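In what follows, a structure is listed as structure tokens, so that the remarks can point back to it.
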Amino acid sequence: MSEIITRVNESVGEKYYYTRHKSGLDIFVIPKKFTESYALFSTRYGAIDNCFKLEGDAEFVKVPDGIAHYLEHKMFENEDGVDTFARFAKYGADANAFTSSEMTAYLFSCTDHFDENLEILLDYVTKPYFTPQTVAKEQGIIGQEIRMGEDNPHRALYYNLMEALYEKHQIKLNVAGTVESIAEITADLLYSCYRTFYNLSNMMLVVSGDVTMEQVLKTADKILPMQEEKKIVRKYEDEKREVNKKRVKASFPVARPLFMIGVKDPDIPADPQERLKKMVAGDMLYSVMFGSTSEFAIDVYESGLVRGFNAGYELDHVYGMGTFSGEADDPEAVYAKLLDYIAEKKKTGLSEADFERCKRASYASLVREFDSVHVANTFTYLRHDDIDVFDYIEAAKNVKFDELKPLLQTLFDEKYFAMSVVEPIEK
Amino acid sequence: MQLKRRQLSEGVYFNLIPTEKFKAGFLQVRFILPQSKQTAAKNALVFKTALRGTEKYPTTTAMRKRYDELYATSVNSNVWKYGDMQIVALQSSPIDQKYVIDDTDITAGVIDLFEQVILHPLTEDGAFKAEYVESEKKRQIEQVRSEINNKGKYADTRCTEIMFEGDPYGVSAAGSIDDIEAICSKCLYEQYKTLISSARVEIFAVGNFDEEKTADGFARIFEKIERKNICSPTITPLSGDIKEVKTVYEHQSVTQGKLVLGYRTGCDSKQPDYYVMEVFNEIFGGSACSKLFMNVREKLSLCYYCSSGLIGEKGAMLIRSGIEFANEKKAVDEINVQLQKMKDGEISDGEIEDAKKGQIDGLMRVEDRLSGMVGWYFGAIMRGEEPVSPEKRIEQIKSVTKEQIVEKAKGVVLDTYYFLCGEESGK
């Protein structure tokens, strides 16, 4: 049996257990004294993975957009005809799944019968079953899910920004695909994606709740097949450093224009520890400059220039970007004001007192994250990026004021900026 | 889970729910008033304005810096409807003292913030500061206008307005645009005085709080207010009869139609066997195993979502679905078929068992969420009942029979038919 490793973090008073199961699956258990237990079974496979091969294969396979999400839907059907939701319902669990650009996850939470529910989760996700008929049936349901998205101005705002920032990279793709692209999906293509990306060595199970590792391993031993590790080669489109378009606009029946300004960060550290440092310092820089207590956020709030102003920085092994969003009558004025403010800060520098205050607030927010079993989500996102959640907490606690200074000079180059605007339809 | 309740002054109650499970607690002051068109907009704006500045923290900057000093513990204001009552709340989630790394007293700091907002909002010439009132009015109007951006929610609101025309529940908790525009700083200040002196006040403290210190802190705030004409909450549910179905088609530039059907159930949450209604709803359209989900979505592939939800206080139910315009009749026919099955008792034992498990699972989770515990006790307080424990309710749910469910189903009648569709389609 594999060794079980315990990791403890004193700052937040939490711990977790880790082991690599003999099937090749990484398993993590975060003990929490809640009535609710939660399990998230995920694969490093999302909308961006539309061109791939296994190591040793000659040719790359190119699949239709939206297939990872389509596959997620189809995993809920079983060979015996019993719907997966119905199986969970027998044990009172609340089950769901989601697909993002970089991962697909299957989950349940329950207050009783954890072992039985975990057994169902591990079972249905490791046993695909599709036929041409069941694949065709899903066209209508996902078609309506896509239509619902088409009426959502915030979704258009986001994807148009991605279109503005990225010329070719798959990160810009709509996770659900289009009505046209999903029409090309077949049972064979689904199987091919499944066999590549649902190999247990490409997956992870994170459990949080009043559950022990021994309990989880018992179920894993019973259900999980032994698998050979597969090396997946993913092909992402080369992306230029500069933005694709400076502006992308759309019209929707909205009350007031919505804007989302993005700034591309093309410098992504390949080493996870370096990336973590940059992630944390970048995040802190955004808090100091654009967080709720910043001059900029307070100015646009008090003047009424922007409603619901939000800013943030994200970085993982695939892409890096900062975003600024809200509602404004004059998005161009916000854009200009933002660039002026950044230029001013580059000259005058940041206040160390502001930095210390933001750091304390950020530490408190991290402590609060652990108040729910859903901390397994954050845990998983970071892990798929080869970052440990406790390393993240320590990095956030130890970030130094001086680490922000170089980023202030490099993260906000005007040539990396673009804006997406959703305007009201002219009456 | 235990409730320690005491009266602090006339119509002011302090409710402590002790728990050590969380890293951040929850403090909430609920002001309860009759929901009416004359006062809804003003009540919604009172604390939003007061939070802009108080005597001790006169600016947004001062206020937000104070939040950061208290470890990212902000105070915010929320407003919603509860049956015929409007609830205006001030709330905060202070971090547990044990995660504080200096000598900051979090509870005392947060109660002081509550006191500032409730007793010492910034004034000029016997009214709220005009600048703050005007900018909060503008923000509130923008928020109301933005409701149109989310089509699903918009359709819900419209159906509710039509169904509850002339009833307090048909009034928007945020107020109408005209009513918000008409507010002046003087009349808002008058309403503020009425609100703090006459509202029924329910204070909740959930978490690891010192009982005496916390209760005393709030008592000191309310002893400074001259309490008079105190509101006693009353809610009148809809009768079970209707004269004719109200039908409304609304046209907008949307790609997916939003169908919302409003029903009277003849059973409101004051009735001793209301939990039967909840089991009914779970089977009919409350889960991913429900009749609506399994048939309208899974069998006919007409939609991504089709669900039902109860408005317990008013004895009402809404069914919602997003569909192609052309599929309106197909979807409605299937909804009617499924409702008829409920009335005819075409319900399997498995469906009943699964629905009970789903309900029980939800009840077991009440204690895992700070706001969940508040919601649990608040309902009982508003109904003037001795609160039952979730365990007791679980026993009641287990005892529900098919005959009881069918009897409740028979009381469900269509009241309002609302369809949000494209410019060219529909009637």
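Please read these numbers as outputs of a predicted model, since none were measured by experiment. Computed from heavy atoms alone, side chains included, the values below leave out hydrogens, waters and symmetry copies. Here is how names work: the chains are called A, B, and so on, in the same order as the sequence lines, proteins then strands, and each is numbered from 1.
- For chain B, the nearby part of A:Ser11 is the backbone; its heavy atoms alone come within less than 4.5 Å.
- Only the side chain of A:Glu327 comes within less than 4.5 Å of a heavy atom in chain B; its backbone stays farther off.
- Contact of A:Asn96 with chain B is not made at all, since no heavy-atom distance falls under 4.5 Å.
- Remark: the A:Gln144 side chain and the B:Gln256 side chain contain an N/O donor-acceptor pair separated by less than 3.5 Å.
- Proximity of A:Arg256 to B:Glu142: side-chain heavy atoms (C-beta onward) are separated by under 4.5 Å at one or more points.
- With respect to A:Arg357 and B:Asp68, a salt bridge is recorded, a charged nitrogen being found less than 4.0 Å from a carboxylate O.
- A:Ile146 does not touch chain B: none of its heavy atoms, backbone or side chain, sits under 4.5 Å away.
- Heavy-atom distances place the side chain of A:Tyr363, and not its backbone, under 4.5 Å from chain B.
- Under the 3.5 Å distance criterion, with hydrogens and angles disregarded, no donor-acceptor pair is assigned to the side chains of B:Arg369 and A:Ser372.
- Defined by atom type and a distance below 3.5 Å, a donor-acceptor pair is present between the side-chain atoms of B:Tyr304 and A:Glu145.
- For a residue to count as touching a neighbouring chain, one of its non-hydrogen atoms must lie under 4.5 Å from one of that chain's; by this rule A:Glu14 touches chain B with the side chain only.
- Heavy atoms of A:Phe370 lying under 4.5 Å from chain B belong to its backbone as well as its side chain.
- Only the side chain of A:Asp83 comes within contact range of chain B, judged by heavy atoms closer than 4.5 Å.
- Considering only heavy atoms from C-beta on, B:Glu367 stays 4.5 Å or farther from A:Phe34 through its side chain.
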